[in-house]
Amino acid sequence: MSRTKIKDLLNSTSYGEIVTVKGWVKTFRNNQFLAINDGSTINNIQAVVDFTTTDEALLKRLTTGAAVSVTGKLIESLGKGQRVEVQVESLEILGDSDPEKFPLQPKKHSLEFLREIAHLRFRTNTFNAVFKVRHALAYAVHKFFNDRGFVYMHTPIITGSDAEGAGEMFRVSTIDFDNVPRNEDGSVNYKEDFFGKPTNLTVSGQLEGELAAMAFGEIYTFGPTFRAENSNTTRHLAEFWMIEPEMAFYELAENMDLAESLLKYVIRYALDNCSEELEFLKGRLQEEEKQKPQNERSELDLLAKLNFCLENDFERITYTEAINILRNSKPNQKKQFKYLIEEWGADLQSEHERYLVEKHFKKPVILTDYPAEIKAFYMRQNEVDSEGRKTVRAMDILFPGIGEIVGGSQREERIELLEKRMEEMHIPAEELSWYLDTRRFGSAPHAGFGLGFERLVLFVTGMTNIRDVIPFPRTPKNAEF
RNA sequence: UCCUGAGUAGCUCAGCCGGUUAGAGCAUCUGACUGUUAAUCAGAGGGUCGCUGGUUCGAGCCCAGCCUCAGGAGCCA
């Protein structure tokens with residue numbers, strides 16, 4: 001007999017129908033009430049076993065975590081707390097679960113503990129909900145771009161260029177560390193390595209993405225990204241997923257429009273398609289925040305926060321305007337910032353970003369036109385202003401609780417200016433001549449951005465540690481599973 | 001990498017000023033009960049107090065080093 005998914009059974013009114021349920025035991029109460037979950041929904045179905053006619057040895061094996069198949073009649077529940085239940089006629093244990101050793105109990109576990117058993121945490125309500133939302137968001141990203149005619153481009157994971165400048169890279173090599181091939185001067189002979197030269201894992205698909213955009217018009221990438229930074233925070237991973245659209249003939253304003261509508265679209269999609277999961281996560285967050293003092297709790301609950309984000313335009317201000325706001329802000333004047341804002345040109349610290357987003361505007365903020373000094377070589381240079389300040393057409397989107405969720409820019413399409421900037425920043429032009437070819441042959445204005453997928457999942461699920469929104473987090477000193 | 005805090009039973013945590021045999025709730029096991037909702041009730045088992053060294057008559061507690069984890073910062077998405 002084919003199985004029926006629990007999600008469908010919980011919505012069914014076909015009372016009297018004989019159904020088969022396969023799933024994992026959550027709890028077995030009172031020697032007769034079996035709560036089964038099959039992952040199709042965070043809710044369980046109750047199967048009622050007649051213990052007077054069932055073999056005692058079999059009943060003993062109904063332990064938390066065991067995989068079971070039950071067949072019986074779907075009936076209106078005789079008890080309160082659930083609408084339907086299955087009256088068990090036959091019961092089979094598909095896989096036992098030793099209760100002495102199975103680490104998940106029908107009680108609350110800390111997220112830290114569950115992180116240590118990441119292979120089993122999928123079976124908890126919280127992670128069921130988180131990864132359902134993650135899936136929905138990933139699907140929505142593809143749907144958004146596909147519906148707008150963007151081409152999904154697979155940029156390389158292994159890169160031969162170390163000039164991307166987005167952070168420390170992981171070396172990819174087949175060299176035997178115990179027997180390193182050397183040149184006469186003692187340096188490593190990379191000609192002996194797999195690719196015949198040093199290679200690394202990608203830190204960004206942007207440069208290759210630009211090449212494709214200069215042919216297809218509008219493309220996006222969505223793939224794994226690797227940063228070998230020794231970052232130990234709630235919002236950094238060594239391996240994460242990034243979405244990088246790149247669009248020919250877009251200027252900065254259109255780039256911002258696209259990023260804002262992408263974020264709103266995928267949040268809307270999650271609200272429309274994951275209401276059960278988000279409702280659960282909202283409750284989880286409220287429980288968690290009960291531990292905190294009143295002034296640290298969120299003003300809006302999870303659903304209200306997401307809806308608020310949809311209903312309001314993101315605030316768009318330039319770096320220069322932000323500096324003026326910060327300079328005149330209370331925490332700056334009362335010297336409450338750890339880093340006080342004094343001069344134009346300083347990089348914004350996360351305390352400043354948080355002030356702008358969470359205190360001043362109380363909504364997502366897009367910061368544009370940063371000082372050229374603190375931004376990457378490929379960003380389009382603005383005219384020097386009346387005070388002699390050099391800025392670039394960068395834009396960062398800041399979200400409450402997350403910080404920077406999007407970083408992008410209009411790209412410098414004028415080759416003379418680009419080459420000059422590369423020289424100033426000591427970027428080897430020879431290594432990137434393929435990149436510069438886009439500016440040599442039919443260069444055109446274009447723009448793009450990078451969206452950190454896990455940071456998006458963090459925001460939508462209300463989770464607070466990025467290690468809890470990716471199945472198997474890779475962080476410094478941690479590559480388990 | 002820096003700053004702060006933590007590490008005691010399977011899990012969550014208590015453990016006073018250094019002093020007898022290190023405790024609780026949940027989980028597990030045994031029994032009772034049998035329409036329960038993290039079932040309930042009674043009982044039992046369960047400890048390398050993160051690791052190494054030191055101080056002391058005596059260390060879970062004090063000191064030093066190390067490891068791991070968490071939060072914050074930096075780097076960034």
Side-chain angles (χ1 to χ4, degrees), chain A residues 26-35 43-52 59-60 63-65 75 77-82 85 87 97-117 124-125 164-168 203-206 222 224-244 259 291-292 296 337-339 347-354 374-376 396-399 402-408 449-459 464-470 475-478 480:
Chain A
K26 277 287 179 104
T27 62
F28 184 43
R29 285 186 297 271
N30 218 0
N31 213 21
Q32 53 183 334
F33 302 105
L34 197 55
N43 299 309
N44 306 325
I45 193 148
Q46 173 158 295
V48 186
V49 182
D50 184 349
F51 62 88
T52 59
L59 291 175
K60 287 250 183 276
T63 57
T64 301
I75 60 168
S77 180
L78 302 176
K80 289 173 184 167
Q82 59 280 317
E85 64 191 22
Q87 214 166 37
S97 175
D98 183 346
E100 295 272 11
K101 292 177 184 157
F102 188 62
L104 290 172
Q105 303 155 16
K107 62 165 269 189
K108 272 218 154 56
H109 291 287
S110 67
L111 293 171
E112 290 84 354
F113 173 66
L114 292 172
R115 226 170 272 153
E116 290 170 20
I117 51 164
T124 64
N125 291 336
E164 291 169 41
E168 288 298 310
V203 293
S204 163
Q206 181 199 317
F222 187 172
T225 310
F226 307 87
R227 304 267 168 97
E229 303 286 352
N230 192 6
S231 298
N232 293 290
T233 78
T234 52
R235 55 195 187 284
H236 288 86
L237 291 165
E239 175 184 284
F240 64 100
W241 289 67
M242 186 156 63
I243 296 139
E244 293 181 290
Q291 316 292 325
K292 293 186 183 172
E296 284 176 32
F337 282 142
K338 196 172 165 206
Y339 298 91
D347 209 347
L348 299 182
Q349 307 292 318
S350 50
E351 60 181 347
H352 306 133
E353 297 181 348
R354 244 183 291 121
I374 58 173
K375 286 290 182 183
D396 286 357
I397 303 187
L398 311 178
F399 263 35
I402 311 287
E404 187 178 343
I405 193 167
V406 162
F449 60 84
L451 165 63
F453 185 57
E454 283 76 17
R455 290 189 180 174
L456 173 66
V457 182
L458 264 187
F459 181 74
T464 47
N465 190 316
I466 202 163
R467 295 160 207 156
D468 296 329
V469 300
I470 188 167
T475 51
K477 303 275 181 288
N478 184 10
E480 281 300 304

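Naming: A, B, ... by sequence-line order, numbering from 1 per chain. We use all heavy atoms of the structure for the numbers below, so side chains are in, but hydrogens, waters and symmetry mates are not. The shown structure was predicted, so the numbers you read here are calculated from the model rather than taken from an experiment.
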Report the distance from atom [atom1] of [X] to atom [atom2] of [N], rounded to the nearest whole Å.
| X | N | atom1 | atom2 | result |
| --- | --- | --- | --- | --- |
| A/H109 | B/rG25 | NE2 | P | 18 Å |
| A/F113 | B/rC13 | CZ | C1' | 15 Å |
| A/I243 | B/rC76 | CD1 | P | 20 Å |
| A/I402 | B/rC76 | CD1 | C1' | 14 Å |
| A/I466 | B/rG71 | CD1 | P | 12 Å |
| A/H352 | B/rC76 | NE2 | C1' | 17 Å |
| A/E353 | B/rG74 | CD | C1' | 12 Å |

Classify the nucleic acid contact of [X] as base, sugar-phosphate or nothing, counting any heavy atom under 4.0 Å across all strands shown.
| X | value |
| --- | --- |
| A/K101 | nothing |
| A/L237 | base |
| A/Q82 | base |
| A/F33 | base |
| A/P103 | nothing |
| A/Q32 | base |
| A/T52 | nothing |
| A/Q349 | sugar-phosphate |
| A/L78 | base |
| A/E239 | nothing |

Could you check whether the side chain of [X] and the base of [N] have a donor-acceptor pair of N or O atoms closer than 3.5 Å, going by distance alone?
| X | N | value |
| --- | --- | --- |
| A/R455 | B/rC76 | yes |
| A/E116 | B/rU68 | no |
| A/Q105 | B/rU28 | no |
| A/N232 | B/rU1 | yes |

When you measure from the side chain of [X], which nucleotide among [options] comes out closest?
| X | options | value |
| --- | --- | --- |
| A/K60 | B/rG35, B/rA77, B/rG31 | B/rG31 |
| A/E100 | B/rG35, B/rU1, B/rC29 | B/rC29 |
| A/S231 | B/rU28, B/rC75, B/rA77 | B/rC75 |
| A/H236 | B/rA70, B/rC11, B/rA77 | B/rA77 |
| A/R227 | B/rU34, B/rU36, B/rC76 | B/rC76 |
| A/K107 | B/rU12, B/rC75, B/rG35 | B/rU12 |
| A/K338 | B/rA77, B/rA73, B/rU36 | B/rA73 |
| A/R115 | B/rA70, B/rU34, B/rC75 | B/rA70 |

Is [X] near enough to [N] that one of its side-chain N or O atoms lies under 4.0 angstrom from OP1 or OP2?
| X | N | answer |
| --- | --- | --- |
| A/S204 | B/rA77 | no |
| A/N230 | B/rU1 | yes |
| A/R467 | B/rG71 | yes |
| A/T233 | B/rC75 | no |
| A/R29 | B/rA39 | yes |
| A/N465 | B/rG71 | yes |
| A/R235 | B/rA73 | yes |
| A/T234 | B/rG72 | yes |
| A/S110 | B/rU12 | yes |

If the C1' atom of B/rA38 is compared with that of B/rC26, how far apart are they to the nearest Å? 9 Å
Note to self: Working note: A/L104 + A/I117, criterion side-chain contact (heavy atoms from CB on, under 4.5 Å); need CA distance, chi angles, decisive distance, verdict.
What the structure shows: CA-CA 9 Å; A/L104 290 172; A/I117 51 164; 3.9 Å; yes
*Test side-chain contact (heavy atoms from CB on, under 4.5 Å) applied to A/I466 and A/R455, step by step*: CA-CA 7 Å; A/I466 202 163; A/R455 290 189 180 174; 4.1 Å; yes
Any stem touching RNA chain B, meaning at least three consecutive Watson-Crick or G-U pairs under 3.5 Å, ordered by first number, would be B:1-7 with B:67-73, B:10-13 with B:23-26, B:28-32 with B:40-44, B:50-54 with B:62-66
*asked:* Treating A/E229 as the side-chain partner and A/E168 as the backbone partner, does any N or O pair qualify as donor plus acceptor under 3.5 Å?
replied: yes
Heavy-atom nearest pair, A/Y339 first then A/H352, reads O-NE2, 2.7 Å
So CG of A/L114 and OG1 of A/T124: to nearest 0.5 Å the spacing works out to 5.5 Å
